[in-house]
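Nothing here was measured: the structure is a model prediction, and the numbers come from that model.
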Amino acid sequence: MSLMRERVPCVYILANAYDGMLYVGVMSNLIGRIVQHRDGAFDGYTKRYGIKRLVYFETADTMDAAITREKQLKRYRREFKRNLIERDNPAWNDLGVSLGLPPLAS
């Protein structure tokens, strides 16, 4: 399954820095949505605080399952989300780069 070519339901977590502010979202076109966040396409929380770094994502079989997981993650405390991120991404690297996006400007 390629996130670049297919519409794949995903739940994702963005951050503005290492151990920084977090945003949890859901989308079936992860790459497209990350580009929108990076471009500041929508006013709101992520644009206001510069939350653009993809630090965690997981795929789901259906959009309903992804939405359920998003709601679950939003209810969890920050410590749980930090542990989830650091399990696979301890340095909070921008995973968008591994998906083919250019590195974020410093």
Side-chain angles (χ1 to χ4, degrees):
M1 180 182 319
S2 168
L3 291 174
M4 295 298 287
R5 292 189 214 123
E6 299 176 27
R7 294 183 91 57
V8 179
C10 295
V11 60
Y12 61 93
I13 301 176
L14 302 178
N16 64 348
Y18 174 80
D19 202 20
M21 299 179 86
L22 300 177
Y23 173 82
V24 177
V26 65
M27 181 53 74
S28 64
N29 178 356
L30 181 63
I31 303 294
R33 186 64 172 151
I34 299 309
V35 169
Q36 290 173 333
H37 282 295
R38 286 177 166 205
D39 291 346
F42 304 107
D43 290 334
Y45 179 76
T46 58
K47 184 175 179 178
R48 184 177 17 211
Y49 295 106
I51 302 172
K52 301 177 181 183
R53 184 188 305 190
L54 178 65
V55 293
Y56 177 83
F57 71 93
E58 58 187 64
T59 61
D61 292 331
T62 66
M63 198 60 189
D64 285 342
I67 291 168
T68 298
R69 180 64 170 156
E70 176 201 27
K71 290 177 182 178
Q72 184 182 51
L73 289 177
K74 284 185 174 187
R75 284 192 306 266
Y76 288 149
R77 293 178 173 256
R78 176 182 176 79
E79 180 180 357
F80 178 89
K81 291 177 228 181
R82 187 176 58 238
N83 290 337
L84 187 65
I85 293 163
E86 291 181 355
R87 180 185 68 202
D88 295 322
N89 187 6
W92 292 53
N93 293 321
D94 179 17
L95 302 176
V97 174
S98 67
L99 298 175
L101 296 174
L104 289 166
S106 298

Single-linkage hydrophobic cluster Met27~Ile67, side-chain heavy atoms < 4.5 angstrom: no
Contact check, side chains of Phe42 and Lys47, non-hydrogen atoms, under 4.5 Å: no
Shared hydrophobic cluster for Ile31 and Ile51 (ILVMFWY, side-chain gaps under 4.5 Å): yes
Joint hydrophobic cluster, Val35 plus Leu95, side-chain heavy atoms closer than 4.5 Å: yes
4.5 Å side-chain heavy-atom contact, Leu84 and Leu73: yes
Close side-chain approach of Tyr56 and Glu58, heavy atoms under 4.5 Å: yes
side-chain contact (heavy atoms from CB on, under 4.5 Å) partner of Ile34, the single match among Asn29, Leu14, Leu99: Leu14
Near-ring test Tyr12/His37, centroid separation under 6.0 angstrom: yes
Atom pair OG (Ser28) and CZ (Arg33), whose distance is rounded to the nearest 0.5 Å: 11.0 Å
Distance-minimising heavy-atom pair for Pro9 and Ala66: CB-CB, 3.9 Å
Atom pair CG (Asp88) and CZ (Phe57), whose distance is rounded to the nearest 0.5 Å: 10.0 Å
Flag side-chain contact, heavy atom, 4.5 Å: Asn93 against Val55: no
Flag side-chain contact, heavy atom, 4.5 Å: Val8 against Leu30: no
Shortest non-hydrogen contact from Pro102 toward Arg38: O-NH1, 2.6 Å
Salt bridge Asp64-Arg69, side-chain N to carboxylate O under 4.0 Å: no
Closest contact, heavy atoms only, Asn16 versus Arg53: O-NH2, 4.4 Å
Residue Lys71 excluded, over 12 heavy atoms near NZ under 6.0 Å: no
By side chain to side chain donor-acceptor pair (under 3.5 Å) - contacts of Glu86 (at least two apart): Trp92
Backbone N/O of Gly96 and side chain of Asp94: donor-acceptor pair under 3.5 Å: yes
Side chains of residues 17-25: which donor-acceptor pairs under 3.5 Å do they make with residues two or more places apart or in other chains?
residue : atom : partner : partner atom : Å
Asp19   : OD1  : Arg78   : NH2          : 3.0

Spatial distance of atom CD (Gln36) from atom NZ (Lys52) [nearest 0.5 Å]: 13.5 Å
Shared hydrophobic cluster, Phe80 / Val11 (ILVMFWY, side-chain heavy atoms < 4.5 Å): yes
